[in-house]
Structures are given as structure tokens and as C-alpha cells.
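We number each residue from 1, following the sequence as shown.
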Amino acid sequence: MKPKHCLALLAASAIGALVPHLAWAEAGDPLADGGIRCAAMMRLKLPDTTILSAAMVPAKPTESTAAGDVPGYRSFCRVVARVRAEPGSDVGVELWLPAQGWNGVFHGNGSGGFGGNFVLGYPGMVEGLRRGFATATTDTGTAPATPLEGEALAGQPRKWRDWGRLSTHVMTVAGKAITKAFYGKAPRKAYYTGCSTGGQMGLIEALYYPGDYDGILVGAPVMNRTWGHAAVLWDYAAANRAPGHLLSDAKLKLLHKTAIASCWRQGRGLAGDPFVSDPLRCTFDPQVLLCNGAASDTCLTEGEVATARAFYAGPTGRDGKPAYFGWLPGSEMPGTFGWSFLQKPINGQPPFGALFQWVFGPDWDWRRFDVDRDMPIVDTRLDPIVNDAMQGSLEAFAARGGKLIVFHGLADTLVPPGQSVAFFDRHAEQMGGVAKLAGIARLFLVPGMMHCGGGTGPVAFNTASGIPQRPPCDDAQHDMFSALIAWREGGEAPARIVATRYSDDDGDVIAMQRPLCPYPARTVYRGTGSTAAADSFRCEVSQQ
């Protein structure tokens, strides 16, 4: 949080609520009573559950770093447990319980990739502690896998099922039971946050376990697991099957710059913006960069054009028809989880390619992969186990007052933004129209944002993401997590969220702010005023 940016936006009486670590410092020693209760957790008996450890962790103050303020946390009891409900199932759960100041909220957090450890849940858990929540995460039941490597899961369909459907519910049931035992009363409310695989986990909760959470905030949710992994494999094969097809960082920067300029000319962005505002409506053919003479960093060879086209098109059958989504113009960035990541091997294999080893065995060779021949086999084996987010209904979640917010970066290159749009369109039809769905669920598409964060757009809008930088204020106008809570507890749906981009790593200077509008509305420039100011834009539902 950057209090100086909030002073003009919030009343002085609210400022104290935004810096609760000051109050923690003034409190008495929180370890005495909390330590006794924490030690007692080792004796807790729950069905199919083993408490491995329970220990107090001292408070930590907020720290200022080059990436902005890193929130501190109050002292808490750290509980680690394992739940083994069925043969082959072994779901790890980690829970942080504030020693003092718990406000009655349980907060679940997601993982990423193949899961396998707790680490990716920690940033959201820190935010939960800051707010006084009992907060939990899970390893998705896939240890000893890691987020980027799932080879260890070959031949273990129960672990695939825990990863694809069951582990989040297990975490939530066990986490709430431990919370009740620690405080002597059950949580009054429950919220969930996560991105990528963590986004999938949140959707599964809303679709199949509607009583678990009152509000769910997810980003870039994986839905069609099998085809999502096929899309990454498709890209890797396009770049690596034949010499001369790999796109260097210099070529990616050229492609990115040209795509953005092309979308500006089509009215899908504002000149001067380093991102495309509306890439879903922009068309771009990398053929315009084809070299007329010798190859150089100012043009693309025929092989490089073919690779770029494959990335934009997504997996395509022999009939030339797209079988899945591709990446959008403006997503061509190098770097972590950008187009360069999609071209590079992990331990000699395509990124996230282990899923295909589950089906075809450890000797599977990505070079022989054929979309038309192999994907029916993959879906027959795995679709009923890992693709539940493609099915189900939000009606029960809606009936009990649940609220769902989904965000997705339009420059994402690991989970296609078109999949989130299709999800909302599908559930709007199920529920009787966009207006009815909007009463319980909202989708915010973020221009220039990569996978779960980062990129060239206004990407600071979610305190629970754990990805620098934080929004300038923690209020419901600037922070999606606070907006979710306000919607569920106060009844006011978020009509827009102001997203921020800083001009420096410290987060001291705001370069621009843009409103994120709930789909199908788009952010439209009013025609006057600074393009760096959120008030110069409105939300508009286009008939195009």
C-alpha cells in the first residue's frame, strides 16, 4: 500500500484501518495465549487428517523495497497437515492463524502449474494475515511434483483428480475445522483468491462446492486443461521442430511493436500506449514483416512468420480450422511466461508437457505430436479427470449469495483470454442472460497484462496477487480483493476497478490509471483529458 497516494482519496479516519500493522505493534505480547492454543493443535483429531506441525511465527513489520512496500504480518500459528481420504490421495494443507485480531474470516488460496508445494500460496496468505483472516493453501495433492514439472505424477490418476478437482475442497474443509478448533468458533465468512491453476481451483469451488466460499476472486483461470497444455505444446513445436523458426528476443520486440501499431490504426488502442486496449477485436498478420532481402532484426524470415502465425492461431487441425484459442496481438513479449518462455525447454521437454507423459508414457516424443490423432486420446483419458471447470453451473453458488470476480490479462500467453470470455458467455446463457449473471459474477479484462501480472499495461489492482506492485489504495475502487468483499458484504457490485501503472520500481510515481470495465463493457476514451487519468475514460457496451 502507498498511503501517500490515498490521502486525497480517503478520509483521515479510514487511514488507520489501512495500516493495521501499527495497531499490532501497540498490542500486548500475542504469543502467550496464542502459543498455548497453537501447541494444542498437535493434539487435534480430524477425520483422515494428520497434523504434522503447529508452531508460532513472530510478527513482521512492513518493509520498503525497490518493488514497493512489502506488507508485514501479525504473529500467527502455522499449522501443516496432510489429508489422506482415499488410497493414492495425500493432500497437503498449510494454515496461518492470527494469534490476535482474527475477524472471523477464512481465506483460501490457490497454487499454480502442477502444484506440489505451498509456496505459490504464500503471497496471498500474507495479504490474508494483514486483513486479520485465517488463511490457508494446499499443495493440490501432487507432491513431489513442482509447479513446472509434473513427470512424477505419471501413472497416478488419483493425484490428477486431486489436482483437477478435489484438493481445494479438502483444504477448505480441513482448514475451516482447524480454524474452528483454534478459535472456538466457526468462520462467519469465507473468501478465496488464486490465479492460473489457482484460478481453476476457485472456479471448481464455485461450480461444485458452492457452500465453501462466500466470495471468489480468480485470475487467468485454467479451464480446459488438456487443450491448454496442447496450446503450449503447439507453440513449442512451431518454434523448435525445424531450424530457422525460433523467434529471438529481438524479433519478438519487433513483432510486439508492429502488432501494437497495427491495432492503433484499427482503433483498438490509443496511440502512445505500450499495449493494445482491445486485442480481441484486432487483426494482425505477421506477414507484413516478411524480409524482402537478407534476414535481419528489422524483419521476419518465412520460418519466423510461420511460427508467429501458429502462436496467434493456436492449435489447428489438418483441415485448417482452429481447434482452440491462440494468443492475442500485443502478447508477443519476451521474458518470464512470455513468447520466449513458450519456445524454451524445461529439462529437455516442452513447458508443461508432462501431462502428455501421463497419457503416452515416459517415452513420449513431442516431435511426433499430432493434434488430430493425439488429442482425442488425451481427452478420452484426462477430460473426465481434469476438465471439470468446463462443465457445471453457477446457479447454486448464486442461490446462496456467492460472488465471483474473474480477471484476465489480454497479453496472457499461458492461459488464453478468449477462454474466460467463453466461460462468461456460456454461463450467461445458462442463467438467462448477461444481466442475471452480472448479479453474481464479473469478468475484468486487463490490457497489456501478462499471465497473472506483469506486462506493459496498468497491472496493479489486486492486493492478493503477490505480484509487485500493489495498488495505491486498498479500497474497493482500486483493489479487486476489497471490491469482492464489499460486494459480498455490502451488496455493491464493482462497476469498474481503477488499475494503476507506476513509472518506477518503487511505486512512488503513478504513470497512468485506467478503469477496468466488467465484460462485455469496454474502456472507452472520452476524447478529452489526459490518457493517464482514469476519469478520462468511461465504460461502454459496444454493439460492434
Side-chain angles (χ1 to χ4, degrees), residues 112-113 164 194-203 218-239 252 255-256 259 263 268 275-284 286 307-317 321-333 335-343 350-353 355 371 375 378-379 383 386-390 406-427 443-455 457 459 516 519-520:
C195 194
S196 193
T197 291
Q200 170 192 309
M201 295 160 67
L203 292 186
V218 296
V222 182
M223 293 177 226
N224 193 321
R225 267 286 172 192
T226 52
W227 279 93
H229 285 242
V232 174
L233 174 57
W234 172 266
D235 295 337
Y236 183 85
L252 290 177
L255 192 61
H256 183 57
C263 292
R268 305 308 180 192
F275 54 85
V276 181
S277 300
D278 191 11
L280 289 164
R281 299 168 186 262
C282 179
T283 58
F284 172 67
T307 298
R309 281 178 163 174
F311 276 47
Y312 290 127
T316 302
K321 295 180 180 179
Y324 189 61
F325 302 93
W327 312 122
L328 299 175
S331 68
E332 312 81 1
M333 290 171 279
T336 304
F337 298 143
W339 279 30
S340 55
F341 172 83
L342 297 170
Q343 302 179 98
F352 306 110
L355 180 140
V371 169
M375 284 310 295
V378 172
D379 276 337
D383 183 81
V386 301
N387 283 344
D388 281 344
M390 295 295 294
V406 179
F407 64 89
H408 208 136
L410 288 169
D412 196 331
T413 55
L414 287 188
V415 180
Q419 189 173 237
S420 287
V421 172
F423 175 89
F424 267 73
D425 289 345
R426 181 168 68 251
H427 286 280
L443 167 64
F444 293 89
L445 300 172
V446 187
M449 190 175 86
M450 300 175 73
H451 186 61
C452 294
V459 298
L516 306 178
Y519 175 81

Would you confirm whether H408, through its side chain, and Q419, through its main-chain N or O, come within 3.5 Å as a donor-acceptor pair?
no
What is the minimum heavy-atom distance between G164 and Q200, and which atoms define it?
O-NE2, 3.3 Å
Would you mind reporting whether P416 and L328 have side-chain heavy atoms less than 4.5 Å apart?
no
Determine whether a donor-acceptor pair (N or O, by modelled atom type, separation under 3.5 Å) exists between the side chain of N387 and the backbone of M390.
no
With rounding to the nearest 0.5 angstrom, report the CG to CZ distance, L255 to F284.
5.0 Å
Would you say L445 and V421 make side-chain contact, with heavy atoms under 4.5 Å?
yes
Without swapping roles, check the side chain of E332 against the backbone of W339 for a donor-acceptor pair under 3.5 Å.
no
Within the structure provided, determine whether F424 and V406 are in side-chain contact (heavy-atom separation under 4.5 Å).
yes
Which is it for M449 and F407 under the side-chain contact (heavy atoms from CB on, under 4.5 Å) test, yes or no, and what are the steps along the way?
CA-CA 10 Å; M449 190 175 86; F407 64 89; 3.8 Å; yes
Between W234 and F325 (judged by ring centroids, cut-off 6.0 Å), do the two rings come close enough to count as a pair?
no
Heavy-atom side-chain contact between P447 and V276 under 4.5 Å:
no
Would a 4.5 Å heavy-atom cut-off, applied to side chains only, mark Y519 and D425 as touching?
yes
Nearest heavy-atom pair of D412 and A220: which atoms, and what distance?
OD2-CB, 3.3 Å
Determine, stepwise, if the pair L410 / S331 fulfils side-chain contact (heavy atoms from CB on, under 4.5 Å).
CA-CA 7 Å; L410 288 169; S331 68; over 6 Å; no
Less than 4.5 Å apart, any side-chain heavy atom of Q343 and any of F311?
yes
Go through T226 and D383 one step at a time and tell me if the side chain to side chain donor-acceptor pair (under 3.5 Å) criterion holds.
CA-CA 7 Å; T226 52; D383 183 81; 4.9 Å; no
Closest non-hydrogen atom pair, A389 against R426
O-NH2, 3.9 Å
May I ask you to test the V378-W227 pair for a side-chain heavy-atom distance under 4.5 Å?
no
Donor-acceptor contact below 3.5 Å, side chain T316 vs main chain G314:
yes
Are the side chains of P350 and V232 in touch, meaning some heavy atoms are under 4.5 Å apart?
no
Considering all heavy atoms, the nearest P417-G409 contact
CG-O, 3.3 Å
What pairs with D278 under side-chain contact (heavy atoms from CB on, under 4.5 Å), at least two apart in sequence or on another chain?
R268, L280, R281, R522
Parallel, tilted or perpendicular for F423 and H427, by the 30°/60° rule?
tilted
Taking all heavy atoms of L252 and all of S340, pick out the closest pair and write down the distance.
CD1-N, 3.7 Å
Apply side-chain contact (heavy atoms from CB on, under 4.5 Å) to F352 and L414, showing your working.
CA-CA 10 Å; F352 306 110; L414 287 188; 4.2 Å; yes
Using the rule given for side-chain contact (heavy atoms from CB on, under 4.5 Å), can you reason through V459 versus F275, listing the C-alpha separation, both sets of side-chain angles and the distance that settles it, and then say yes or no?
CA-CA 12 Å; V459 298; F275 54 85; over 6 Å; no
All heavy atoms of D235 vs all of W327, minimum pair found to be OD2-NE1, 2.5 Å
